[in-house]
Amino acid sequence: MTTVGPAAGSPAPVRLTQYARGGGCACKIPPEELEAMVAGLLPPRSPGPAPDGDGNRLLVGLDDGDDAAVVRTGDGTALVSTADFFTPVVDDARDWGRIAAANALSDVYAMGGRPLVGLNLLGWPRDVLPAELAREVLAGALDVARGAGCLIGGGHSIDSPEPLYGMAVTGLVDPDRLLRNDAGRPGVPLTLTKPLGVGILNNRHKRTGEVFAHAVAVMTALNDKASAAALEAGAVCATDVTGFGLLGHLHKLARASGVTAVVDTAAVPVLDGALESLRAGYISGGTRRNLDWVRPRLDAGRASEDQLHLLADAQTSGGLLVAGEIPGHPVVGELVPAVAGTTLMIR
C-alpha cells in the first residue's frame, strides 16, 4: 500500500476533505431515492422524429439511467451530453480537479463518444477557503481536459457552504455505434477496465490524512483508450463504474437489458491496500447504501460481507464495465438469461 505524507517541518496543507460531509461519488443521492425522484417526470419516449419535425431524436435519456444523454443531430452524427460534480475526494486541490474532470469525461467515453467541450461547475465557500485553492482545482481540471483534447469554455460558479466541482461535457458519438446500458445480451462476457477500491482508500484518506498515490493515478486516468478498444471489439453495451459501485451499475445494466449478470469475485481486480482498509472499517455510507439497494435482487452465493462491500464500493472516476471481451483487461463475469427476481449472482 503506497502512502505519501507532507515533508517534515513543512506547514500543514489545507485538508479539503474536511470541509465536506461526503466525498467524491460516494456523496451521490442514494439510487433508490434518485429513481423515485425522477420517476414519471417524462412520458415514455416515442420512436421517430421529435414533434417539432426537425428530425432530431433523443436516443438515450432518462429511461434506463444511462451515463449520458444522446441526441441525434440529423446529419449522421449525435451529441452526447453529461454533467457531473461532487465534493472533495482528496485533500490536494489540483488532484481533486484532475479527478473530477476525468470522472465527468468518463460519461462520454462510456457512451462510445469523444468529448468536445466542457464547462466548469464550481461551488466555493469563499469566506472559508482561499480563492487560490479554487484556482488550483480549475488548473488541474484544465490539465486533464487538454490531455483529452477537450476544450474548456467557461462555466458557472456559486458561493456554497461546501466546496463542489465538476463539469458539464458535450461530445460527439456515432449513433450507430453507441455503448448503452440496455444492449446487454446473454452469453456475453463482462470486462472491467480499472480495479476497485478507490472508495475505500478515499474514505481512509478523509479520516486519517494518508495519501494513496496509486489510487489518485487510477482516478485521474482517462477511459478514452478503453472506450476505443470496446468499440473496436464490436461492443454495444457498457457503463462506467462510479458512485453506485460495481454491483449497483451492473444491476442497472442487467435490469435495463433484461438479463442476469454473474460476477466472478476472484477475477475482479482490486487496488493494493483496499481490502486491508475495508477490514479496518473504512467503508463509506454510500457503499453501504449501494449494497442495501441491490440485496433484494442479489444472489450472493458464498460471498462474504467484505467481498460484497468491495463489489459495492462507491467508486470515483472508475473504469468501464463492458459487455464484451477487451484485450488487456480482466473478464470479471458474464451475462446470462434472466433469472426471475435476480439481476446479480456472485460466484
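Values reported hereafter were calculated over all heavy atoms of this structure, with side chains retained and with hydrogens, waters and symmetry mates removed. All values derive from a computational prediction rather than experimental measurement.
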Would you say [Y] and [X] are linked by a side-chain donor-acceptor pair, where the criterion is simply a distance under 3.5 Å?
{"X": "His249", "Y": "Thr242", "value": "yes"}
{"X": "Asp306", "Y": "Ser304", "value": "no"}
{"X": "Thr342", "Y": "Arg297", "value": "no"}
{"X": "Asp240", "Y": "Ser106", "value": "yes"}
{"X": "Asn202", "Y": "Tyr282", "value": "no"}

>> Using the rule given for side chain to side chain donor-acceptor pair (under 3.5 Å), can you reason through Ser317 versus Asn103, listing the C-alpha separation, both sets of side-chain angles and the distance that settles it, and then say yes or no?
In response: CA-CA 4 Å; Ser317 192; Asn103 183 76; 4.7 Å; no
Side chain proximity check, [X] to [Y], heavy atoms < 4.5 angstrom:
{"X": "Thr17", "Y": "His205", "result": "yes"}
{"X": "Leu310", "Y": "Val270", "result": "yes"}
{"X": "Gln315", "Y": "Lys194", "result": "no"}
{"X": "Tyr165", "Y": "Leu121", "result": "no"}
{"X": "Leu335", "Y": "Leu190", "result": "yes"}
{"X": "Pro161", "Y": "Pro125", "result": "no"}

>> Pair Ser257, Asp182 - check side chain to side chain donor-acceptor pair (under 3.5 Å), show working.
In response: CA-CA 4 Å; Ser257 298; Asp182 63 354; 5.9 Å; no
> How far apart are the C-alpha atoms of Arg289 and Asp292, what are their side-chain angles, what is the distance that settles it, and do they pass the salt bridge (Lys or Arg N to Asp or Glu O under 4.0 Å) test?
Replying inline: CA-CA 5 Å; Arg289 291 191 294 270; Asp292 289 342; over 6 Å; no
>> Apply salt bridge (Lys or Arg N to Asp or Glu O under 4.0 Å) to residues Arg347 and Glu334 and explain how you reach the verdict.
In response: CA-CA 11 Å; Arg347 66 182 181 204; Glu334 63 179 329; 3.2 Å; yes
>> Tell me whether the rings of His251 and Trp293 are parallel (<30°), tilted (30 to 60°) or perpendicular (>60°).
In response: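 Rings of His251 and Trp293: perpendicular, as their planes differ by over 60°.
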> Can Arg288 and Ile283 be said to form a side chain to side chain contact (heavy atoms under 4.5 Å, CB included), step by step?
Replying inline: CA-CA 7 Å; Arg288 297 183 191 278; Ile283 305 174; 3.7 Å; yes
Do side-chain atoms of [X] reach the backbone of [Y] as a donor and acceptor pair under 3.5 angstrom?
{"X": "Thr343", "Y": "Ala254", "value": "no"}
{"X": "Asn120", "Y": "Gly154", "value": "yes"}
{"X": "His309", "Y": "Leu278", "value": "no"}
{"X": "Lys206", "Y": "Ala20", "value": "yes"}
{"X": "Asp159", "Y": "Gly123", "value": "no"}

If I compare all heavy atoms of [X] with all of [Y], which pair ends up nearest, and what's the gap?
{"X": "Val322", "Y": "Ala235", "value": "CG1-CB, 3.7 Å"}
{"X": "Arg15", "Y": "Thr208", "value": "NH1-C, 4.3 Å"}
{"X": "Leu133", "Y": "Ala93", "value": "O-CB, 3.6 Å"}
{"X": "Leu246", "Y": "Val241", "value": "N-CG1, 3.5 Å"}

>> Working note: Leu250 + Val263, criterion side chain to side chain contact (heavy atoms under 4.5 Å, CB included); need CA distance, chi angles, decisive distance, verdict.
In response: CA-CA 9 Å; Leu250 187 52; Val263 178; 3.4 Å; yes
Are there over 12 heavy-atom neighbours, none belonging to [X], within less than 6.0 Å of that residue's [atom1]?
{"X": "Arg94", "atom1": "CZ", "result": "yes"}
{"X": "Arg207", "atom1": "CZ", "result": "yes"}
{"X": "Glu325", "atom1": "CD", "result": "no"}
{"X": "Arg135", "atom1": "CZ", "result": "no"}

> When rounded to the nearest 0.5 angstrom, what is the spacing between CG in Leu122 and OG in Ser160?
Replying inline: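 Here the interatomic distance stands at 7.5 Å.
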>> To the nearest 0.5 Å, what is the distance between CG on Asp91 and OH on Tyr19?
In response: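 Those atoms lie 10.0 Å apart.
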> Does the pair Glu305/Arg295 count as a salt bridge with the N-to-O cut at 4.0 Å?
Replying inline: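 Counted as a salt bridge, because a side-chain N and a carboxylate O are separated by less than 4.0 Å.
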>> Please evaluate residues Trp96 and Leu16 with respect to the criterion side chain to side chain contact (heavy atoms under 4.5 Å, CB included), reporting the C-alpha separation (whole Å), side-chain torsions for both, the decisive distance (0.1 Å), and the verdict.
In response: CA-CA 9 Å; Trp96 176 33; Leu16 283 174; 4.0 Å; yes
> Hey, mind stepping through Leu172 and Leu116 against side chain to side chain contact (heavy atoms under 4.5 Å, CB included) and telling me if it holds?
Replying inline: CA-CA 7 Å; Leu172 288 178; Leu116 291 180; 3.5 Å; yes
> Which of these passes side chain to side chain contact (heavy atoms under 4.5 Å, CB included) with Met111: Val60, Leu59, Leu179, Thr82?
Replying inline: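 Of the listed residues Val60, Leu59, Leu179, Thr82, the side chain to side chain contact (heavy atoms under 4.5 Å, CB included) partner of Met111 is Val60.
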>> I need the single residue from Asn223, Val169, Asp84 that forms a side chain to side chain contact (heavy atoms under 4.5 Å, CB included) with Leu105. Which is it?
In response: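 Single pass found, and it is Val169.
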